Amino acid sequence: MTVANSKTFYTGCALCYHSCGAEVTVENGRVVEVRGQKSHPLNKGKLCPKGEMLTEHLYHPERLKYPLKKVGGKWERTTWEQALSEIAAKLNDLKERYGPSVIAFFCGSIGVESLEMVSLTHRFRTALGSPQFFSVESICYRMRIRSRQITFGKYPVEEMDSPLYVLWGHNPAASDFPLSLAIEENLKKGSRVIVIDPRRIPIADKAIMYMPIRPGTDGALALALINVIINERLYDADFVEKWTYGFDKLVPHIQQYTPEWAERITWVRADDIRTLARLFASTKGASIYQGTCTQDQSANGSQTDRAIAILQSITGNINVPGGWVISPRLRLADISLPCEEKPLGADEYPLFYELWGRKSPYAVQNMVPESIPDKLKAFIVVGGNPLVTMPDSNALREAYRKLNLLVVYDLFMTETAQEAHYVLPAATQLEYCSLAYNYNVCHCLPYIMLREPAIEPLYESKSILAFYTELAHACGIGDKFHWKSDEELVAHLIAPSGVDFEALRQNREGVYYGEKSYRITERTFATPTGRIEIYSKAFKDAGFDPLPTYLEPTKSPQGPLWNELGKKYPLILSTGTRLLHYNNSQLHNIKALQLEEPYPKAELGPETAAKYGVAHGDDVIIETDRGWIKMKAHVDERIMEGVVLVPHGWPGEANCNRLTDAQCREPVMGYPQFKGLLCNIRKAGAPHPACI
Ligand SMILES: Nc1nc2c(c(=O)[nH]1)N[C@H]1C(S)=C(S)[C@@H](COP(=O)(O)OP(=O)(O)OC[C@H]3O[C@@H](n4cnc5c(=O)[nH]c(N)nc54)[C@H](O)[C@@H]3O)O[C@H]1N2
Ligand SMILES: Nc1nc2c(c(=O)[nH]1)N[C@H]1C(S)=C(S)[C@@H](COP(=O)(O)OP(=O)(O)OC[C@H]3O[C@@H](n4cnc5c(=O)[nH]c(N)nc54)[C@H](O)[C@@H]3O)O[C@H]1N2
Ligand code: SF4
Ligand SMILES: [Mo]
């Protein structure tokens, strides 16, 4: 039976950054069904368990319905007009008294992956005159983009279809639904998989090699692989000769990093390292999938990213089918206004800030706790939940409590929102027009589509354009926000790309904005030498080793603080393994997903569990020198002994960022060390190890 006023809308699912295509049926003004879009190249008609909950998420009873203001520690309902005029008065007062740079912004992963949210945040912040844009960019993925830009002058990404997938700290079955679908298909056609992970993830059972590795030490493994490939002459000599710079310097430098040296650090057997090097180097089109954030969040992050880029390069696996490919760029309008001041961290982490004269707008999140209240006095948080997801939640919460103004614009009353002075209800991306683009993490699919507005904004929620436009008017800078509708804004943003807004409106299921090409020319690598820079002058000029090196995690059995911490915190901790049913701190309030993943689990091996008096299913306390959390023990022989793995994003006593440390940083780009820390574990209620 067809319903008279039933209509289908096309959209990119915005529950995580993959933006899978979705078809949404609306009847009588209400979304009644959501399906995977069959024609979408990423998800081919399927949705992951999170995407299947789009309707539940949209109509969740806990959605924020109207603006709230905290009065005497309690929430009171207010109007948009009242809230925005009070917020504007505070912003203008702070700006007048201390200058605009005390006003900071935070965009979470939803914030930065939504083109409109990130663009308008930059517009608003620069209209005020503030350089302080904090976001997940200074803890996730941007480091790898940066390290590849430094090496290639561009940003090559892994292909979806490869004859050899090296899953190196990456578990697509949990975190990368489109890639997981592609691997499944390609395994049937003869592709092979190698897994490097402290946990024998399910796909490792189908792999030709599985290598458990001590968390935080991947850089040492990468260096030893380069050593073997060079010394056994397994590299692609023609490619190296023609397209790389500095190989002659790499050869003597890499001699110190033997497989035996790496075995002592990584706990991977030297013979296995040799076997892996041979397998990798002998497969044309092999590709390393290095974990979307795994390698970035370790002490050696940028150097590991560079070493992995060098592995792809010396084996000639750049711009070949299956390997890493430089994808056509989507040119978009930059609507930020000129802002001369530097963001926080620009002086401390210059390579993160500036490359070859081009400046980045990203402030360094790890510096926030120490910068409030002297340097930062107000935060506007959009599409993020920093008090759960950013390093050192206890320190960050204490710092946020000293802010003169905290505004949160979100869908739900998050832990961050609970600390705010004002909470404003956001509309989801089913409620207004926006652009869905598979830009960076897309494995080379130059594909875009509109997110058609399926329904009007619910309750008193507003789109990001309406929020910033009205706030700008209240602040007296409304003339900088002239877009009359969400459609007009998208048309403006997309104009430089060559894809016409009308064409997007007509091709409702999406369009390719460019063609993939494997050609390499003299202009492919936009580095100062015009080649792939194995030897990086940019690193040297910033005071770092121009050839890849290894740095041990700050808190580890071989690190500088072992003598101080090792006795009390003898186990290795890695935080943030992804859960299929949640996205970071999101979706934990959806009943059907709670049934799948009812409680937070700390994963550890049976010998480790026995040694510390812990049984499967026990409530356990995990503790570091920064704090403690409570989870349930998940004892599994698939976990490397001596290691504890915990997910992030759980609220309250299970928030693993109570264990992490904003001072424990990667030296080049200032990222947090989330992988490779030190902890202890005990059954809840058992005496503290220090008391035994
Ligand atoms: N220890 C540890 N911590 C980690 C990690 C780790 O591996 N280990 N991983 C880190 C990484 S890689 C990342 S990217 C971060 C993620 O950190 P965040 O981005 O802070 O985390 P999310 O939970 O994704 O927060 C997104 C917020 O946006 C809201 N939201 C969703 N849709 C909309 C919308 O349309 N409009 C608005 N206004 N809001 C919306 C959600 O309700 C949610 O509150 O977590 C980091 N934290
Ligand atoms: N379902 C779901 N999908 C998500 C997210 C989510 O929360 N839920 N978050 C999104 C975000 S913001 C991001 S950045 C990505 C994250 O994506 P990834 O960083 O790729 O995270 P995972 O896929 O969990 O893979 C991490 C794997 O690395 C292993 N591991 C832990 N420490 C180490 C280590 O030091 N070395 C090595 N080699 N392996 C290690 C873990 O056991 C785990 O299997 O996922 C995104 N997709
Ligand atoms: S992976 Fe799942 S949550 Fe992410 S966009 Fe695709 S369907 Fe949505
Ligand atoms: Mo991330």
Side-chain angles (χ1 to χ4, degrees), residues 11-22 34-37 40 42-43 46-54 57 108-110 112-113 135-137 139-142 144 166-181 195-204 211-219 221-222 266 268 288-301 304 384 389 429 436 438 441 553 556 572-588 593 597 603 638-640 643-650 673-677:
T11 187
C13 169
L15 292 182
C16 87
Y17 55 61
H18 291 297
S19 282
C20 298
V34 175
R35 300 170 301 280
Q37 178 191 326
H40 199 282
L42 274 187
N43 58 311
K46 301 199 170 98
L47 290 174
C48 85
K50 298 185 295 305
E52 283 172 358
M53 292 295 128
L54 263 167
H57 183 251
S109 63
I110 294 297
V112 301
E113 297 302 332
S135 69
V136 296
E137 300 280 3
I139 61 124
C140 170
Y141 204 78
R142 180 63 50 182
R144 155 236 294 258
V166 181
L167 301 178
W168 194 335
H170 187 40
N171 180 18
S175 72
D176 194 338
F177 178 63
L179 181 66
S180 180
L181 294 176
V195 172
I196 307 167
D197 197 304
R199 179 170 60 148
R200 188 145 55 83
I201 53 175
I203 187 104
M211 299 167 85
I213 186 166
R214 173 163 72 90
T217 68
D218 301 270
L221 175 60
T266 60
V268 177
I288 297 172
Y289 300 73
Q290 63 172 68
T292 309
C293 63
T294 309
Q295 311 302 344
D296 296 348
Q297 295 165 347
S298 70
N300 200 54
T304 303
T389 56
Q429 292 172 48
N438 310 100
V441 209
S556 89
I572 295 154
L573 172 72
S574 180
T575 67
T577 49
R578 265 45 184 180
L579 302 171
L580 172 62
H581 299 93
Y582 302 125
N583 185 28
N584 307 316
S585 74
Q586 299 179 70
L587 305 173
H588 288 256
L593 299 176
E597 196 78 50
E603 299 180 278
R638 286 174 170 267
I639 315 297
M640 191 176 194
V643 170
V644 178
L645 299 175
V646 295
H648 78 303
W650 288 85
Q673 298 180 29
F674 282 153
K675 323 292 175 196
L677 293 163

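Predicted model, so just to flag it, every value in this text is computed and none were measured. Read the numbers this way: they start at 1 and go in the same order the structure lists the ligands and their atoms.
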request  = State the atoms of ligand 2, each with its element, that fall below the 4.0 Å cut-off from a heavy-atom position in Ile213.
outcome  = 37 (C), 38 (N)
query = In ligand 2, which numbered atoms sit nearer than 4.0 Å to a non-hydrogen atom of Lys675?
reply = 35 (O)
query = Would you say His581 touches ligand 2, if touching means a heavy atom closer than 4.0 Å?
reply = no
Distance from atom 23 (O) of ligand 2 to nearest protein heavy atom, with residue and atom = Ser175 OG, 2.7 Å
query = If you measure from atom 26 (C) of ligand 2 to every heavy atom of Gly169, Ser109, Gly291, Ser180, which option wins on shortest distance?
reply = Gly169
key: Any N/O pair Asn584/ligand 2 closer than 3.5 Å   = yes
query = Going by heavy atoms, is Cys16 under 4.0 Å from ligand 2?
reply = no
task = Output all residues satisfying ring-ring contact (aromatic ring centres under 6.0 Å, His included) with Tyr582, sequence neighbours left out; order by chain, then residue number.
result = His588, Trp650
query = Quick one: which of Pro198, Pro647, Gly219 has a heavy atom closest to atom 30 (N) of ligand 2?
reply = Pro198
Nearest neighbour in protein (non-hydrogen) for atom 46 (C) of ligand 2 = Tyr17 OH, 3.2 Å
task = Starting from atom 33 (C) of ligand 2, find the nearest protein heavy-atom neighbour and note its residue, name and distance.
result = Thr294 CG2, 3.6 Å
inquiry  = Do Pro172 and Tyr289 make a side-chain contact, defined as non-hydrogen atoms from C-beta onward lying under 4.5 Å apart?
reply    = no
query = Do Pro647 and Glu597 come close enough that some side-chain heavy atom pair is under 4.5 Å?
reply = no
Ser298 side chain near Pro553 side chain, heavy-atom distance below 4.5 Å = no
inquiry  = Determine whether a donor-acceptor pair (N or O, by modelled atom type, separation under 3.5 Å) exists between the side chain of Thr11 and the backbone of Ala22.
reply    = no
request  = Check ligand 2 against Trp168 and write out every atom of the ligand that is under 4.0 Å from a heavy-atom position of the residue.
outcome  = 38 (N)
request  = Quick one: look at Cys48 and ligand 2, take heavy-atom pairs under 4.0 Å, and tell me if it's side chain, backbone, both or neither.
outcome  = neither
key: Verdict with supporting geometry, Arg214 and Ile572, side chain to side chain contact (heavy atoms under 4.5 Å, CB included)   = CA-CA 8 Å; Arg214 173 163 72 90; Ile572 295 154; 3.5 Å; yes
request  = Look at atom 35 (O) of ligand 2 and say which protein heavy atom is nearest, naming residue and atom and giving the distance to 0.1 Å.
outcome  = Gly216 N, 2.8 Å
ask   = Is there a nitrogen or oxygen of His648 sitting under 3.5 Å from a nitrogen or oxygen of ligand 2?
value = no
inquiry  = At less than 4.0 angstrom from any non-hydrogen atom of Thr577, what atoms of ligand 2 do you find?
reply    = 24 (O), 41 (C), 42 (O), 43 (C)
remark   = Counting from 1 in the order shown, the ligand 2 atoms closer than 4.0 Å to a non-hydrogen atom of Ser574 are 31 (C), 32 (N)
ask   = Considering distance alone, does some N or O of Cys140 sit under 3.5 Å from an N or O of ligand 2?
value = no
request  = Decide yes or no for His18 and Asn43: does some side-chain heavy atom of the first lie under 4.5 Å from some side-chain heavy atom of the second?
outcome  = no
query = Can you list the ligand 2 atoms lying under 4.0 Å from a non-hydrogen atom of Pro215?
reply = 34 (C), 35 (O)
remark   = By side-chain contact (heavy atoms from CB on, under 4.5 Å), Cys293 pairs with (sequence neighbours left out) Cys140, Gln297, Arg578, Lys675
message = For Gly219 versus Thr304, what's the shortest heavy-atom pair and its separation?
response = CA-OG1, 3.3 Å
request  = Starting from atom 9 (N) of ligand 2, locate the nearest protein heavy atom and write down its residue, its atom name and how far away it is, to 0.1 Å.
outcome  = Arg578 NE, 3.1 Å
Backbone N/O of Gln586 and side chain of Asn584: donor-acceptor pair under 3.5 Å = no
note = The protein heavy atom nearest to atom 38 (N) of ligand 2 is Asp218 OD1, 2.7 Å
request  = Ignoring angles and geometry beyond distance, decide whether Asp176 reaches within less than 3.5 Å of ligand 2 through its nitrogen or oxygen atoms.
outcome  = no
query = Hey, which protein N/O/S atoms does atom 6 (Fe) of ligand 3 have under 2.8 Å?
reply = Cys20 SG
note = Residues at least two apart in sequence or cross-chain that pass side-chain contact (heavy atoms from CB on, under 4.5 Å) with Leu580, listed by chain then number, are Pro49
key: Single hit among Thr292, Ile288, Val195, Ile203 for side-chain contact (heavy atoms from CB on, under 4.5 Å) with His170   = Thr292
Minimum-distance protein heavy atom relative to atom 19 (O) of ligand 2 = Cys293 N, 2.9 Å
request  = Taking the side chain as every heavy atom from C-beta outward, state whether Leu47 and Glu52 have any atom pair closer than 4.5 Å.
outcome  = yes
inquiry  = Could you check whether any side-chain N or O of Gln295 sits under 3.5 Å from a backbone N or O of Gly169, counting only pairs where one atom can act as donor and the other as acceptor?
reply    = no
inquiry  = Which of the numbered atoms in ligand 2 are under 4.0 angstrom from any heavy atom belonging to Ile201?
reply    = 44 (O)
key: Criterion side-chain contact (heavy atoms from CB on, under 4.5 Å) against Thr266, the qualifying member of Asp218, Thr217, Ile196   = Thr217
From the candidates Ile639, Asp197, Val268, Ile139, the one that places a heavy atom nearest atom 29 (C) of ligand 2 = Asp197
ask   = Between Arg200 (side chain) and Arg638 (backbone), is there a donor-acceptor pair under 3.5 Å?
value = no
Heavy-atom side-chain proximity of Lys46 to Leu181 below 4.5 angstrom = yes
request  = List every atom of ligand 2 that sits less than 4.0 Å from any heavy atom of Leu645, numbering the atoms from 1 in the order shown and giving each element.
outcome  = 42 (O)
inquiry  = So, taking the atom named CG in Leu167 and the one named CD in Gln290, what distance separates them when rounded to the nearest 0.5 Å?
reply    = 12.0 Å
task = Carefully, step by step, assess Ser175 and Asn171 under the rule side chain to side chain donor-acceptor pair (under 3.5 Å).
result = CA-CA 6 Å; Ser175 72; Asn171 180 18; over 6 Å; no
task = List the closest protein heavy-atom neighbour of atom 8 (N) of ligand 2: residue, atom name, distance to the nearest 0.1 Å.
result = Tyr582 O, 2.6 Å
